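Notes follow the structure.
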Amino acid sequence: DELIASVDATLDGWRVALDSSLSQGNETVALEAAAAADNKKTYLWEDSDNYFKRLATFKPDTYFAKPLAISPLVCAAFGWENVGRDIIKCTHEQCKATLCIKFHP
C-alpha cells in the first residue's frame with residue numbers, strides 16, 4: 001500500500017508538472033495539446049494497452065536501479081519507452097525526444 005501511494009504521488013507530481021509546462025510553454029503547442037486531450041478524453045497514463053507495451057520495453061539489463069520518479073512505471077505512464085541501456089524515448093508523435101538516464105546510486 002505504501003509503494004502504491006508513493007507511485008500515485010509521483011504520478012500526480014508529474015501530471016502537475018506536465019500541465020504547468022504546457023500552460024507556460026509555447027501557446028500554440030499548449031492549445032493543440034488541450035484540443036487533442038478534449039477530443040481523446042484520455043492521457044498517456046490512462047491508455048492501458050499502450051502503457052503495458054511501453055512498460056514491457058523496460059528490462060533489468062537496460063534500465064536498472066532508477067529512483068521512483070523515473071522508474072519504469074512512471075516513465076511508461078508518461079509515454080516513455082526504453083530503447084537502449086539507460087536510454088528512454090518519448091512515444092508522442094510530436095516529441096520523439098530521447099534521454100540518456102545515467103544514475104548510479
Side-chain angles (χ1 to χ4, degrees):
D1 290 336
E2 190 175 316
L3 177 61
I4 292 170
S6 181
V7 169
D8 286 342
T10 300
L11 289 174
D12 287 341
W14 276 65
R15 287 181 190 119
V16 169
L18 179 66
D19 291 342
S20 68
S21 70
L22 285 177
S23 66
Q24 294 174 3
N26 183 330
E27 221 173 289
T28 304
V29 172
L31 290 174
E32 289 172 359
D38 285 343
N39 289 336
K40 194 173 179 186
K41 296 292 183 196
T42 188
Y43 290 98
L44 290 171
W45 54 85
E46 293 174 341
D47 184 356
S48 62
D49 289 339
N50 286 330
Y51 168 75
F52 287 113
K53 287 177 187 173
R54 291 188 302 268
L55 187 58
T57 66
F58 290 85
K59 307 287 185 211
D61 57 333
T62 59
Y63 200 82
F64 183 73
K66 303 297 187 261
L68 181 60
I70 55 172
S71 71
L73 296 172
V74 173
C75 291
F78 282 89
W80 295 90
E81 63 185 11
N82 183 218
V83 295
R85 186 174 191 85
D86 295 326
I87 299 173
I88 58 175
K89 183 175 182 178
C90 179
T91 59
H92 189 275
E93 60 275 352
Q94 292 181 341
C95 180
K96 300 291 186 194
T98 301
L99 297 174
C100 180
I101 310 293
K102 291 285 187 177
F103 179 82
H104 302 284

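What you see below is based on every heavy atom in this structure, not just the backbone, and it leaves out hydrogens, waters and symmetry mates. Remember, it's a predicted structure, so these values are computed and weren't measured experimentally.
Under the 4.5 Å side-chain heavy-atom criterion for Ile, Leu, Val, Met, Phe, Trp and Tyr, L68 and F64 are members of distinct hydrophobic clusters.
At least one side-chain heavy atom of L73 sits less than 4.5 Å from a side-chain heavy atom of Y51.
Here the shortest heavy-atom pairing between N82 and Y63 reads OD1-CB, 3.7 Å. Between R54 and T57 the shortest heavy-atom distance is O-OG1, 2.6 Å. Here the closest non-hydrogen pair linking K96 and T91 is NZ-O, 3.6 Å.
Under the side-chain contact (heavy atoms from CB on, under 4.5 Å) criterion, L99 pairs with W80, I88, I101, not counting sequence neighbours. In this structure, the side-chain contact (heavy atoms from CB on, under 4.5 Å) partners of K59, at least two apart in sequence or on a different chain, are D61, T62.
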Requested in this report: Take T98 and I87 through the side-chain contact (heavy atoms from CB on, under 4.5 Å) test and state the conclusion after the steps.
Outcome: CA-CA 7 Å; T98 301; I87 299 173; 3.4 Å; yes
